[in-house]
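Letters A, B, ... mirror the listed sequences (proteins, then strands); counts begin at 1.
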Amino acid sequence: SGAKTTSPIKISYVTFVHSTHSSALILQKMFADAEAKMQGRVKFIYRGGPESINMFAQGSACAKGAVDMVFTTPSFMGKMAKGTETLILCQVPVAEQRECGLYDYLNTVYNKVNLQFIMMYPREMGNAFTIMSKKPITKLADFKGLTGPGGDWFDDAGKVLGVSVTGIKISEEYTALERGVIDFARLTTDSFVEFRIFELAKYMLDVPYGSAPNSLFMNLDKWNSIPADVQEMLLNTLYGLAPRVQEETTKTVNDCMDEMKADGVQLTTLSPEEKKTYLDIMEKSIYAYVSKDAPEVAKKIYDLTRKK
Amino acid sequence: MAEPGAPEYEDPFKDNAFYKLLDRINDFGRDIGMWMILLTILAISCHVVMRYFFHAPINWAVDICMLFLLYITLFGSPWLLREDGHVGLDFFKDRLKGKPRVYEIMEIINNAIGALLCLVIVFFGIIETISVIQGRIVVDVPLSPPKWIVVVVIPITFLLMFFEFFRKVAIHYRAVKNLVKQK
Amino acid sequence: MEWYVILLILFGALMVLLCMGMPVAYCFLTVATVAAPFIWNLSGGMSLLSSSLVDSLINFTLLPIPLFIFMGEIIFHANVAPQIIDAMDRWIGRIPGRLSLMAVAAGVVFSTLTGTSLASTAMLGSSLVPEMKRKGYSNEMSIGPILGSGQLALMIPPSALAVLLGAIAGVSIGKLLIAIILPGILMAVLFSAYIIVRCILKPGLAPPYSVADFTFKEKMAPTLRYVIPVFFIIFCVVGVIYFGIATPTEASATGAMACLLYVAYLKRATKEVLVKSLTATVKLSVMVLLIVATSSLFSQILSYCGAARGLTNLVSDMNVNRYFILIGMMAITFLLGMFLSAQPIIMICIPVFMPIVAALGFNEIWFCVLFLLNLEIGTITPPFGLALFVMKGAAGRETSMKEVISASGPFIALDCLAMAILTAFPSTCLWLVETMG
Ligand code: NA
Ligand code: NA
């Protein structure tokens with residue numbers, strides 16, 4: 001194109017989390033660092049959270065070019081790219097995802113719906129989610145008779161564990177937990193703090209599982225309009241920053257843990273055998289759920305993202 | 001249709017077969033909403049009772065009732081438009097009542113904008129419906145129903161609203177003509 | 001384009017359409033449809049119009065709106081409200097403006113439902129206003145108190161909006177929910193005091209009607225038949241939440257169910273009553289929900305293009321006494337409240353305001369309470385006040401929008417007074433937090 005090389009390529013983006021959520025803040029910082037490293041070739045413009053584009057509409061808005069880039073989860077994209085929710089089971093750190101072939105494979109899937117997969121949110125893999133409950137859980141039998149939030153893959157796991165699951169909107173999770181409609185919440189460590197769940201549920205089951213599948217996606221036409229050298233520079237910069245960003249997110253998670261512990265939250269765990277059974281139940285339920293629409297895609301992503 | 005104190009309006013389409021059919025369709029839209037509200041009360045109450053007493057919540061009922069909210073609103077809108085039930089700020093418009101011709105012309109402009117708006121929404125609503133069918137997009141609720149079953153309601157109901165706005169334009173156009181004749 | 005130019009164009013276009021007398025929902029939709037291709041792009045923007053309308057309506061937390069409206073309508077169409085009022089009259093006797101006070105009390109009770117003030121406004125508007133009019137009450141004393149007390153929904157827990165505010169502001173939700181209780185009660189007291197004083201000064205506003213002397217038995221009989229079952233309804237709304245049987249949203253369904261059972265118990269659940277109340281429910285719900293959906297589109301446009309953020313950023317550049325900055329933040333919230341609903345305002349303002357609040361050394365919980373109170377005012381300020389629209393729909397054709405708006409005036413002033421009291425005496429909200437925490 002005839003554009004001057006000196007004027008930066010502008011990339012507008014929105015996030016599915018609100019603008020003060022820790023991951024939105026870390027992303028903004030990451031982009032600021034990336035801009036500096038790329039010497040003004042690219043400029044990121046943050047357009048806000050779900051108040052700017054409805055949370056569930058962000059995926060399709062990006063595919064249709066209303067916004068250049070979105071930070072969202074494959075779970076909130078109306079199953080545009082079926083099977084990609086398998087990223088919940090990813091074990092490979094972000095920094096290695098280009099080498100292991102995940103980046104290229106995901107783009108064969110996402111390019112079909114006019115999206116370019118850019119990068120997963122840099123965060124330690126395999127320990128994103130856990131359970132916080134009002135009563136301590138020290139053995140699997142403690143789950144029996146509890147009510148928990150469902151509406152996704154946990155419906156299956158709940159059946160095996162003897163939990164009855166009910167749909168709870170995140171805006172009502174606090175009140176539902178407070179008044180005992182549900183007995184535990186099931187979120188990431190930072191979300192427990194974000195939604196102040198630890199004020200009510202004082203026991204955390206220290207058997208984390210799964211990875212947060214939240215990722216950056218760009219409109220494919222926008223991506224193709226970027227010169228190849230800048231594309232390469234952008235990817236190298238972002239993936240180059242990933243290990244450092246991951247340290248930051250780990251620190252944020254640790255800070256959240258400290259805050260909760262200071263508030264009287266206690267960690268509980270299961271016996272080694274039960275731990276294995278529990279993680280097995282979770283992984284099987286997740287895989288069954290994420291693979292039902294597109295088994296081949298799920299299988300491929302699962303295989304590509306095993307720990308070496 | 002006539003407001004108290006307002007000039008007597010005559011529906012130019014009152015013997016028109018198409019508009020008679022339209023009236024029945026719009027009444028049906030309202031009836032759908034009435035049934036859905038009743039069903040929602042029953043379903044959610046059952047859900048709560050089953051969860052509390054039998055540990056067996058009816059989770060899909062919640063998803064269905066969420067879709068109902070959309071159906072109630074959109075299917076009821078053309079009917080409400082016909083009944084003049086959508087609220088607006090009336091105080092500036094009411095000041096014009098002393099000048100009936102200006103008032104009627106204002107009504108024509110308002111309803112013409114409404115009609116045009118509806119046509120635009122119908123057009124892009126059809127495009128969106130086709131797009132969600134082709135992409136096999138689902139609604140992001142646990143039940144994951146196909147998205148077209150909710151998106152398709154937009155072009156349908158806005159087309160019905162277009163006809164209602166059109167009727168209002170015709171009514172007020174006739175009123176202006178009568179006012180001119182009286183002079 | 002500068003943010004304030006866009007802001008002026010969007011607000012200006014909306015104002016012009018509103019003043020032309022177009023229905024509110026279509027005003028929002030027109031502005032959004034014209035702006036979307038410019039703010040986003042043609043295909044993406046137009047696709048967002050449809051998908052956003054759909055996504056904002058498929059929202060479980062909107063459920064209390066139609067269901068609470070139904071509760072009000074069936075109580076009205078079964079003609080029970082006059083008897084409930086008569087039964088209570090036999091006990092309360094001659095307090096001036098007692099129907100208005102009753103409205104405030106009922107508002108407090110029903111505000112124990114979610115943070116949606118519309119629901120309780122709709123319920124009381126359709127059940128109480130007709131009876132108040134029949135007894136010769138002026139708009140100021142019938143519509144006003146209901147608009148005022150309906151707002152308490154946000155201030156008395158559970159309040160979904162307070163939870164959202166706490167989450168985004170990063171303050172303790174538990175403490176915030178305790179902190180809003182006393183201000184909520186303060187507002188109820190201010191409203192009641194105002195009603196009594198106004199009615200003593202100007203009895204014509206709420207004509208005192210004579211109540212004969214009744215024996216204890218004559219007092220008790222209608223109470224048992226009409227008033228005691230009302231406690232069952234209240235239990236089905238408030239009790240189920242308190243005992244962990246249902247979430248606040250689900251409680252609106254159990255409450256509606258209880259109203260159905262109550263009317264059936266009085267042998268008035270005829271087909272005619274059901275059809276009439278359901279028709280009225282559809283009418284009011286469609287109107288409100290369509291406005292909710294279309295205004296959400298408008299606020300997304302306002303946020304995406306940066307106009308709203310530009311406005312909120314104004315205060316961070318100010319270099320004056322911290323109380324001026326506080327007033328600036330409250331003024332911006334008030335201004336946005338005239339055009340947007342509460343949830344987008346939280347997401348637009350709080351990320352900008354909270355760091356300022358911390359830097360200025362204000363108590364964050366206290367600020368959140370002030371902010372929440374300000375959001376409530378937004379539900380009854382013209383031109384965009386959802387509670388105003390609900391009330392207009394509930395009160396019917398005989399009441400003009402102008403009358404509804406002027407009835408809300410004194411209660412907006414009382415809310416501002418409550419904000420002033422809270423600012424002068426922060427302990428009004430913080431005392432209970434410190435005692436219980
Ligand atoms: Na409340
Ligand atoms: Na307002």
Side-chain angles (χ1 to χ4, degrees), chain A residues 12 14 17-22 24-25 45-68 76 78 114 147 166-183 191 193-200 219 221-222 259 263, chain C residues 36 39-41 43-48 51-52 54-56 58-61 114 157-161 163-164 166-175 177 241-250 296-297 299-306 308-309 343-348 350-352 354:
Chain A
S12 292
V14 292
V17 292
H18 58 80
S19 55
T20 51
H21 189 280
S22 61
L25 295 174
I45 305 163
Y46 186 39
R47 298 293 193 154
E51 77 277 14
S52 294
I53 294 182
N54 197 314
M55 194 186 286
F56 297 108
Q58 292 186 356
S60 72
C62 184
K64 296 205 166 94
V67 59
D68 301 328
F76 287 177
N114 209 38
T147 304
T166 185
I168 297 284
K169 303 290 158 269
I170 188 72
S171 58
E172 292 203 313
E173 195 141 334
Y174 185 92
T175 310
L177 198 60
E178 180 184 37
R179 303 263 60 110
V181 177
I182 50 174
D183 302 301
S191 294
V193 174
E194 201 69 39
F195 295 100
R196 317 299 294 187
I197 298 297
F198 68 97
E199 291 176 13
L200 306 167
N219 174 274
D221 306 324
K222 174 77 186 179
E259 186 180 348
D263 203 72
Chain C
I39 302 288
W40 293 304
N41 62 356
S43 69
M46 287 311 191
S47 148
L48 259 179
S51 56
S52 176
V54 168
D55 288 333
S56 37
I58 303 183
N59 179 352
F60 195 56
T61 46
T114 72
S159 164
L161 217 53
V163 171
L164 178 78
I168 296 186
V171 301
S172 161
I173 293 172
K175 284 182 183 169
L177 287 177
I241 300 174
Y242 188 80
F243 293 109
I245 301 172
T247 67
T249 306
E250 293 163 350
S296 138
L297 258 172
S299 68
Q300 285 176 54
I301 286 175
L302 212 57
S303 309
Y304 187 89
C305 68
R309 200 55 56 83
Q343 200 165 327
I345 299 181
I346 293 181
M347 293 196 279
I348 291 165
I350 286 299
V352 183
M354 287 324 279

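Side-chain contact between A:S52 and C:R309: absent, with no pair of heavy atoms (C-beta onward) separated by less than 4.5 Å. Taking the side chain as every heavy atom from C-beta outward, A:I53 and C:L48 approach each other to under 4.5 Å. Looking at heavy atoms from C-beta onward, C:S299 lies out of side-chain contact with A:E51 at the 4.5 angstrom threshold. Side-chain atoms of A:N54 and C:S51, non-hydrogen and from C-beta on, never get closer than 4.5 Å to each other.
Among all heavy-atom pairs drawn from A:G65 and C:N41, the shortest one is O-ND2, 3.0 Å. In this structure, A:R47 and C:Y304 approach most closely via the heavy-atom pair NH1-O, 3.1 Å.
If you measure heavy-atom distances from A:V193 to chain C, you find no contacts under 4.5 Å at all. Residue A:Y174 touches chain C through its side chain alone, counting heavy-atom pairs closer than 4.5 Å. Interface remark: C:V171 contributes backbone atoms only to the contact with chain A (heavy atom separation under 4.5 Å). Residue A:I168 touches chain C through its side chain alone, counting heavy-atom pairs closer than 4.5 Å. The part of C:A246 that comes within reach of chain A is its backbone (N, CA, C, O), which places non-hydrogen atoms under 4.5 angstrom from that chain.
Side-chain N or O atoms of A:E172 include one that pairs as donor or acceptor with a backbone N or O of C:T249 at under 3.5 Å.
Ranking C:G244, C:S52, C:G166 against chain A, the residue ahead of the rest is C:G244, based on heavy-atom pairs under 4.5 Å.
Atom CD of A:E194 has more than 12 neighbouring heavy atoms from other residues, nucleotides or ligands inside a 6.0 Å radius.
The distance from the NZ atom of A:K169 to the OG1 atom of C:T247 is 9.0 Å, given to the nearest 0.5 Å.
Pairs passing the salt bridge (charged side-chain N to carboxylate O under 4.0 Å, His left out) check and including a residue from residues 55-68 of chain A, sequence neighbours excluded, read A:K64-B:E128, A:D68-A:K222.
Remark: A:F76 pairs with A:F16, A:F56 by the ring pair (Phe, Tyr, Trp, His ring centres under 6.0 Å) rule, at least two apart or across chains.
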